[in-house]
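Take a look at the structure below.
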Amino acid sequence: MKKQLYCVLVSCVVLMVSACQHIPREEYIDFLKVSDTTYLGVSQLTDSLEVPWDLQFNPTTKSIFFTEIKGQISELNLATNKRTIIYTVPHVFQKRSMGLLGLALHPDFDKKPYLYVCYTIKDGEHYFSELAKLRYVEGKIVESKVLLKIGGALGHNGSRLLFDKERLLYWATGDAHSNTNSQDSTNLNGKVLRMTDEGLIPSDNPISNSYVYAWGFRNIQGMAMTSKGHLMTSEHGDAIEDEINLVKPLHNYGWKEIEGFHDTDAEKEIARHSSRTEPIKAWTPVIAPAAISYYGSQAIPEWSNSLLLTTLKNQSFRVLKLDAEQQVIADEKVYFKNHYGRIRAVTIDDTGNIYIATSNRDWNPQNGFPQKGDDRILKLAVIDFVPKEFLMAYEPENKKISDGKVLYQSYCASCHKNDGKGVRNSFPPLIQTPTITDAHKLVTVLLKGLKGKNVINGEEYDEEMPAFGFLSDADVATIATYIRTHFGNNLGSIDSAMVKDIRMTTHK
Ligand code: HEC
């Protein structure tokens with residue numbers, strides 16, 4: 001009897017505690033509208049940090065571990081928001097983008113309580129990047145071991161660390177400002193390296209006895225693994241072409257001979273003679289992409305199966321929606337533009353809450369920053385009420401022709417094929433048909449689909465063309481323009497105002 005009463009009391013206390021964790025409305029600093037049915041509250045968990053470079057949620061401790069560029073590693077308790085500095089990495093050399101950078105936690109943290117960090121050191125006149133494994137015991141780092149040391153430079157030191165499901169560790173390195181490192185398969189800079197949790201070379205690495213897993217990178221600033229096990233990186237281009245790459249073993253991503261898509265004659269020529277892999281997304285003008293993280297949770301259903309991307313130059317948080325195979329970026333949404341300043345790090349907890357960190361006290365602050373409280377860690381969580389005022393998504397600023405290619409490949413190529421030639425008697429070619437030449441007709445087919453027997457260029461087609469009315473006016477215009485300017489078509493472009501008009505008239 002007594003025992004039962006005790007249990008009731010305990011569960012009351014537990015209920016009260018969890019009720020307390022609900023943030024009262026006035027503590028949100030902003031609200032964000034994701035859709036008519038999903039709103040997020042933004043709250044600030046901690047402030048006055050100095051360039052938090054990497055955030056990693058730890059499901060074992062229910063806390064976030066994070067690095068700051070000067071060398072500190074902290075643990076942020078998510079129940080209390082208390083931040084504790086657990087270690088200062090010795091010998092970190094900090095200047096500009098050099099310092100304590102990437103962080104990974106061992107996926108079996110309860111049995112193997114290790115943190116992995118990479119950082120810059122200076123040895124005489126030379127810079128290096130080191131990768132170290134740190135042992136965590138009861139809120140402290142008690143042991144440290146350097147696993148690997150590679151060349152470094154005043155910039156382009158890469159940084160991200162990531163474990164896959166097999167417990168292999170990936171280290172994304174930068175080209176260390178060299179003209180030759182990235183294309184030299186024996187050099188460890190400008191690469192994605194792959195190793196065991198002890199820092200050894202796995203026996204199944206693509207080049208035997210080498211850490212190199214993939215090559216031809218400039219300066220990787222984000223790395224994530226999708227639920228289907230696709231390795232993704234974000235990378236800084238030079239003056240143009242920031243990239244997202246889908247990283248496959250031994251693939252060469254082209255730097256520094258090819259930048260972004262293979263779109264210049266010189267680049268096409270190189271790609272013809274040696275195997276080079278294009279990014280799955282590129283941005284010109286550049287946005288300076290930083291951390292990426294894979295969002296698989298259903299907590300924010302609109303964002304499920306996306307890469308969450310933080311950006312520096314563009315000062316935004318982006319949601320890059322993936323297709324079902326997780327190989328194509330099918331949509332992009334831009335949030336918080338210029339609102340919190342530079343955003344460098346992101347992590348996701350086990351219930352689908354998102355945490356981001358600003359980077360306004362780094363060497364390159366943008367107009368109006370740093371502000372009081374910078375740098376800070378912010379939390380984005382679903383709320384169960386509709387706020388009076390809220391922020392919303394921005395349209396991505398540039399829809400390049402390359403995006404038309406991406407859209408075409410994700411929505412159309414499965415039937416009409418990459419070259420637009422289609423499949424005879426099943427899927428018509430998208431080349432010089434009356435529908436393609438008639439802009440109005442083309443947009444109508446895209447919005448409404450097409451059914452019944454049709455003779456197209458002398459061949460009969462009787463399968464169904466699905467409707468793509470769910471795409472935005474801008475996306476329909478981009479795809480239509482892509483078709484009319486590729487595959488040997490030499491027709492004018494179509495703008496979203498025209499799509500909007502046709503959508504309105506065909507709806508009546
Ligand atoms: C599931 C397969 C499938 C997909 C995906 C698909 N189509 Fe089609 N499409 C067809 C079929 C089948 C037809 C012919 C329909 C008929 O007349 O019977 C067609 C017809 C068309 C036509 C008319 C061709 C002409 O000359 O009259 C256009 C234009 C077209 N598709 C463009 C697209 C675009 C752009 C996309 C991507 C947004 C796309 N389709 C996606 C199957 C598909």
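Read the numbers this way: they start at 1 and go in the same order the structure lists the ligands and their atoms.
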* Just checking, any donor-acceptor pair under 3.5 angstrom between side chains of Q221 and N219? -> yes
* Asked: Do the side chain of S182 and the main chain of F217 share a donor and acceptor less than 3.5 angstrom apart?
  -> yes
* Asked: Looking only at side chains, do Y39 and D384 share a donor and an acceptor under 3.5 Å apart?
  -> no
* **Atom name of the N, O or S atom in H416 that lies nearest to atom 8 (Fe) of ligand 1** => NE2
* Does ligand 1 have an atom under 4.0 Å from some heavy atom of G452? -> yes
* Asked: For the atom pair CG (D184) and OG (S178), what is the distance rounded to the nearest 0.5 Å?
  -> 8.5 Å
* Does a side chain donor of either Y253 or E235 reach within less than 3.5 Å of an acceptor in the other side chain? -> no
* Asked: In the protein, what heavy atom is nearest to atom 13 (C) of ligand 1, and what distance, to one decimal place, separates them?
  -> P428 CD, 3.3 Å
* Asked: Going by the order shown, which atoms of ligand 1 are within less than 4.0 Å of some heavy atom of D462?
  -> 18 (O)
* Asked: In the protein, what heavy atom is nearest to atom 2 (C) of ligand 1, and what distance, to one decimal place, separates them?
  -> C415 SG, 1.9 Å
* State the atoms of ligand 1, each with its element, that fall below the 4.0 Å cut-off from a heavy-atom position in I479. => 35 (C)
* Asked: Touching ligand 1 at all, S426? Heavy atoms, strictly under 4.0 Å?
  -> yes
* To do: Verify the distance criterion only: is there a donor paired with an acceptor across the side chains of E332 and W283 at less than 3.5 Å?
  => yes
* Asked: Nearest protein heavy-atom contact for atom 22 (C) of ligand 1: which residue, which atom, what distance?
  -> V445 CG1, 3.8 Å
* Which of the atoms of ligand 1 are close to I436, meaning less than 4.0 Å from one of its heavy atoms? -> 29 (C)
* To do: For atom 16 (C) of ligand 1, state which one of E463, K453, R484, M465 supplies the nearest heavy atom.
  => E463
* To do: Please identify which atoms of ligand 1 are closer than 4.0 Å to at least one heavy atom of T433.
  => 25 (C), 26 (O)
* Asked: Side chains of T358 and D375: is there a donor and an acceptor less than 3.5 Å apart?
  -> yes
